[in-house]
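In what follows, a structure is listed as C-alpha cells, so that the remarks can point back to it.
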Amino acid sequence: MDRNKINRILFKISNYAGPLLGIIMLIYIISGYGITKGIMSPLLAKSLHSRLLPIPLFMVIGLHAFIKMNFNLRKRVSKDIIADIWTIILFGLFMLAGLYLYFL
C-alpha cells in the first residue's frame, strides 16, 4: 500500500475518533452524575460507567492521540520507521496500562 494512502486513512480515522471521543466522554460524564446525583437509573449508570465505557474510551483516546502523535513525530524524526516504532510501543503501553487499570 502506498504511504500517502495509509497517511490519508490514518488522518481520517483520527478525525472521526475526535468527535467519537467527545460523545463517549459526554456519556461517561452523564453516567458519573447518574451514579452520584441520581439523574438516571443507578444500575444503568454504574453499568455504563464501570463496565461498558472504559475500554472503548481507552481505545478511542489511543487512536486519536497516538495517530496525531505519529504525524508530529514524523515531522521531527529523520526516518518514518522510527516514528512508527515509537508510536506502536507507546500505544501498546498505553493500552496495557488501561487494561490493567480496568481489570484491577
Side-chain angles (χ1 to χ4, degrees):
M1 213 180 216
D2 183 27
R3 189 67 175 182
N4 290 330
K5 188 173 184 178
I6 292 172
N7 286 342
R8 282 194 302 263
I9 292 170
L10 287 175
F11 191 73
K12 285 183 183 179
I13 290 172
S14 180
N15 283 343
Y16 287 123
L20 183 61
L21 179 61
I23 292 169
I24 292 173
M25 283 301 299
L26 182 66
I27 296 170
Y28 200 74
I29 290 168
I30 290 171
S31 68
Y33 274 116
I35 293 171
T36 59
K37 305 292 184 190
I39 59 172
M40 61 190 308
S41 165
L43 185 62
L44 174 65
K46 187 152 180 83
S47 174
L48 279 173
H49 200 79
S50 301
R51 294 186 196 145
L52 186 64
L53 290 177
I55 291 179
L57 180 66
F58 274 107
M59 290 174 60
V60 175
I61 287 173
L63 280 175
H64 181 68
F66 287 101
I67 289 174
K68 295 288 187 182
M69 183 187 75
N70 185 290
F71 287 139
N72 286 329
L73 276 175
R74 285 184 186 176
K75 291 177 188 175
R76 290 170 174 74
V77 176
S78 61
K79 297 192 182 272
D80 287 347
I81 191 72
I82 295 172
D84 293 342
I85 290 171
W86 272 109
T87 303
I88 290 169
I89 290 170
L90 291 174
F91 179 71
L93 289 173
F94 177 78
M95 291 305 294
L96 285 174
L99 288 173
Y100 174 77
L101 291 173
Y102 178 72
F103 289 114
L104 184 65

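Everything numeric in this text was worked out from a predicted model, so none of it was measured. Computed over heavy atoms, backbone and side chain alike; hydrogens, waters and symmetry mates excluded.
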Consider only side-chain heavy atoms of I, L, V, M, F, W and Y, link residues closer than 4.5 Å, and tell whether [X] and [Y] are in one cluster.
X	Y	result
Trp86	Ile61	yes
Ile89	Leu73	yes
Phe94	Ile88	no
Leu43	Ile39	no
Phe66	Met25	yes

Identify the two heavy atoms, one from [X] and one from [Y], that lie closest to each other, and give their separation to 0.1 Å.
X	Y	value
Leu10	Phe71	CB-CZ, 4.0 Å
Gly34	Ala45	C-CB, 3.7 Å
Leu48	Pro54	O-CD, 4.2 Å
Met69	Leu90	CE-CD1, 3.8 Å
Val60	Ala17	CG1-O, 3.3 Å
Ser31	Met40	CA-SD, 4.0 Å

Tell me whether the count of non-hydrogen atoms from other residues, nucleotides or ligands lying under 6.0 Å of CG in Leu101 goes above 12.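 More than 12 within 6.0 Å, yes.
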
Inspect the surroundings of CE in Met95 and state if more than 12 heavy atoms from other residues, nucleotides or ligands are less than 6.0 Å away.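 Count over threshold, so yes.
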
For a side-chain contact (heavy atoms from CB on, under 4.5 Å) check, start with the C-alpha distance between Ile67 and Thr87, then their side-chain angles and the critical distance, and finish with the verdict. CA-CA 8 Å; Ile67 289 174; Thr87 303; over 6 Å; no

With a 4.5 Å limit on heavy-atom distance, are the side chains of Leu21 and Leu57 in contact? yes

Side chains of Lys68 and Phe11: does their closest heavy-atom pair fall under 4.5 Å?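 Lys68 vs Phe11: side chains touch.
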
Can you tell me how far [atom2] of [Y] sits from [atom1] of [X], rounded to the nearest 0.5 angstrom?
X	Y	atom1	atom2	value
Tyr16	Leu63	OH	CG	14.5 Å
Phe91	Leu96	CZ	CG	10.0 Å
Ile6	Asp84	CD1	CG	9.0 Å
Ile9	Ser14	CD1	OG	13.5 Å

Indicate whether any N or O donor in one side chain lies under 3.5 Å from an N or O acceptor in the other, for Asn4 and Arg8.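 Note: Asn4 and Arg8 side chains miss the donor-acceptor criterion.
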
Geometric class of the Tyr28/His49 ring pair [parallel <30°, tilted 30-60°, perpendicular >60°]: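 Plane angle under 30°, so parallel.
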
